[in-house]
Amino acid sequence: MRAFAALMDRLAFTPGRKEKLRAIRLHLDRTPDPCRGWALAALTGGLELRTVTPALLRRLAAERTDEALFALSYDYVGDLAETVSLIWPGEGDGAEPPRLSDVVEKLRRAGRAEAPALVSGLLDRLAPPERYALVKLATGGLRVGVSARLAKQAAAEWGGVEAAEIEELWHGLAPPYPELFAWLTGGEKPAAAGRAPFRPVMLATPFEARDREAAEPADFAAEWKWDGVRVQAVSDRGERRLYTRTGEDISPAFPDLVAAMAFEGALDGELLVRAEGDVGAFNDLQQRLNRKTAPKALMARLPAVLRAYDILRAGAEDLRPCGYAERRERLGAFVAALDPERFDLSPEIPFESWEALDTLRSAPPHPAIEGVMLKRLESPYLAGRPKGPWFKWKREPHLIDAVLMYAQRGHGKRSSFYSDYTFGVWDGETLAPVGKAYFGFTDEELKKIDRFVRANTVERFGPVRSVRAEPDFGLVLEVAFEGLAASSRHRSGVAMRFPRIARLRWDKPPREADRLETLKAMIETAGPRT
Amino acid sequence: MRPDDLLHPTPEGLYCPVGDFHIDPSRPVRRALITHGHADHARAGHGAVWATPETLEIMAIRYGEGFAAERRSDAKGEIGGVRVSFHPAGHVLGSAQIAVEAGGLRIVAAGDYKRAFDPTCAAFEPVPCDVFITEATFGLPVFRHPDPMAEIGRLLASLRDFPERAHLVGVYALGKAQRLIALLRAAGWERPVYIHGALRKLCDYYVCRGIDLGPLEDATAEKGAAARYAGEVVLAPPSAFGATWARRFPDPLFAFASGWMQVRARARQRGAELGLVISDHCDWAGLTETIREIDPGEVWITHGREEALMRWCEIEGRAARPLHLVGYEDEPE
């Protein structure tokens, strides 16, 4: 437990990828089985224990401390696990801490009734750094600045194998991965890797002006970029899985689509839902995401569909080495044999020049389109984000001028700054709040806004301040966003998707900011994207 | 006499109307009593300054001999009928608490203080009083500074694990730099410690006051010298890390020695790869235990996180008030 806590510490503080890889390699090298397997599981998100909820943890800490002192501390630290590990009374029992594998076993076995006492008992035994690691494990949210991919990369480097080899085996392995570690320490490569493995996804880079100059339109195929969730649908000898682009298995949330995966192969595509016969908006899809199961009524109202982009495997044949044009042809034939209610082919967009494509991109035929994708005809399917074969050319964001109304103090390193902004537009003579943004500005700009907020506070409500926002005095923010929807939950009647601060308009008087009518009119064109 | 009649906050800092003097004023005043030499407490330009001999010398090093028209350095004395005495605060060399007493009432302004091990200055001395004025820099229960020797152990472990990297440690020039060196020596580190030019004068001053810091060398940059810093300890003010000065070191590992290193987000914000939780202030336990030990009639709380300490006093049934003094760095160290 101590070595694992030290690893988490090092990973949290080490900025460099190279050094993080080294830290993980050293840990795997110095830690015996099965502890290192559990550590790898923790880093790759394979140990979603959720023995205790954050709310319960807060309650346990509150029983041992004063509520007000806890709140002040949490507000300052900004991280629940860290706050609890530091504020928990005592310094631990001073004895050798238990092994990671023992702790994990206990946490896994603990039922809902025993969990609170188990976690309290461990917190009493451990010193603050180990407490932090324990809390992160027990709540299932490790987030130590390491991606699953990086952790697997480190394991691959340590064992002298390719990261892609581990990725493909991964879904056939279970923590603490004895077969994997046997292989990485010189034993046999696990043969029965499990069916329906995830294959690392190919990603696109932004299509910059210089790429446009270098690229020949005739070398590329174009298709719409749909605003859903990129997925990989794999069906392999009776095993069916739906993966996100990071390899997370989301099959249980989409049994309707999984049931229709009557094929042998692996498809790459966009997960969308149908709403009233048409492709649904992203917030329709959102209702079906992050669920463990799918209620029948929801599935009937918003059935999941797959719009196919690519094919990685047909039957036993690996198509990834083939060029895109060839795969696309195979994909057409493959999808034609599937249930058309659930699967269709992402249409190609014929175009002659970048200018012509740009025109199409600016006025896409469907609101659920967020731009175009460009794929080099000869490109094989490569894992990762290689520069050159695939480009994404997104639609420009929508922009409005809004007025800063409220500012809230941030958390963690921003806890001394007013960094979360609520902004509004004119509705008659008053401002109606229409959204909230907390990024898009530089550190320098943050300092300036913070100063403005402190100097022009009208009222305080806990960590929130209302600021002067009058027709002739106030701060105008140019806000960029991806979409707008009618919303009954927001007072203004509109909800923005992905708002961020595009520019600070110190030069602009608030009376010239946008009006709510303008936003409402945008719902038509910006559409049900939100 | 009510406590407020003896000492009360003003825009310039704490003011004693009876003796007509300020304590640690943030603007030039006629008569200033100074607790210690950190720049936010000790400013140049006062008419008369009364402080410990070390603090006066440190001010002269920092501001030049003409930093004040008049100096006084008695440990005890009187101004306008107010008895004044200086008592060690354990913060940095020369740091003192200032006790003021009149009409049977004694107020102790502790300035910045700590209770943890520090071989470079006199230890904090509890002084019984009616009002204790405490700082609250680390006034939240999440601040629990570990044993400084254990933190030095983490630095030594890193030096062993990364022998090819120069370990640059960001330190405050007065106090932290010298304490870190002394702690390294106590842990058995005998190699020269390399110091940035901005630390030289104060390190030399500590040495001439009899504090053994072992071999110190300037972290200079003659050609081909880079290799000699591999696996060595280099101390510098944190501002030097962003300057071209830092580029002379091979694959530098940036460490910071500060109480703020306790909070991960803070450590990351500073770009620390190794955060050493070594502070010249009290942690939460230090603050609360000191208040219990002194057991004053009333606690006044200044610079830092006043709310939490106010709440603690409320729970303990202690009379307390925040002073809201301005001009002190919110986040020194």
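The chains referred to below are lettered A, B, ... by the order of the sequence lines, with proteins before strands, and numbering in each begins at 1. All of these numbers come straight from a predicted model, not from anything done at the bench. Because only heavy atoms are used, hydrogens play no part in the values below, and waters and symmetry mates are left out as well, while side chains stay in.
With rounding to the nearest 0.5 angstrom, the CG atom of A:D66 is 4.0 Å from the CZ atom of B:R311. Expressed to the nearest 0.5 Å, how far CG of A:L69 lies from CD of B:E307 amounts to 10.5 Å. Note that the CG atom of A:L26 and the CG atom of B:D161 stand 7.0 Å from one another [nearest 0.5 Å].
For chain A, the nearby part of B:F162 is the side chain; its heavy atoms alone come within less than 4.5 Å. For B:A308, the parts sitting under 4.5 Å from any heavy atom of chain A are the backbone and the side chain alike. Residue contact with chain B, scored on non-hydrogen atoms closer than 4.5 Å, involves the side chain of A:E19 exclusively.
By the 6.0 Å contact criterion, CD on B:E164 is enclosed, its count of non-hydrogen atoms from other residues, nucleotides or ligands being greater than 12. Within a 6.0 Å radius of CZ in A:R64, other residues, nucleotides and ligands contribute more than 12 heavy atoms.
The candidate with the highest count of non-hydrogen atom pairs below 4.5 Å against chain A, out of B:L253, B:L274, B:L140, is B:L140. Ranked by heavy-atom pairs shorter than 4.5 Å toward chain B, the options A:A68, A:A71, A:A12, A:S85 are led by A:A12. In terms of heavy-atom pairs under 4.5 angstrom with chain A, the leader among B:R154, B:Q262, B:E273 is B:E273.
Of the residues B:W284, B:F138, B:F143, the one that meets the ring-ring contact (aromatic ring centres under 6.0 Å, His included) test with A:Y76 is B:F143.
Shown here for A:T83 and B:V142, the closest heavy-atom pair between the two residues is O-CG1, 3.9 Å.
Formation of a donor-acceptor pair under 3.5 Å by the B:R144 side chain with backbone atoms of A:G90 is found in this model. Side chain of A:E82 to main chain of B:R264: a donor-acceptor pair is present (N/O by atom type, distance under 3.5 Å, no hydrogens or angles).
Between B:R305 and A:L72, every side-chain heavy-atom pair lies at or beyond the 4.5 Å cut-off.
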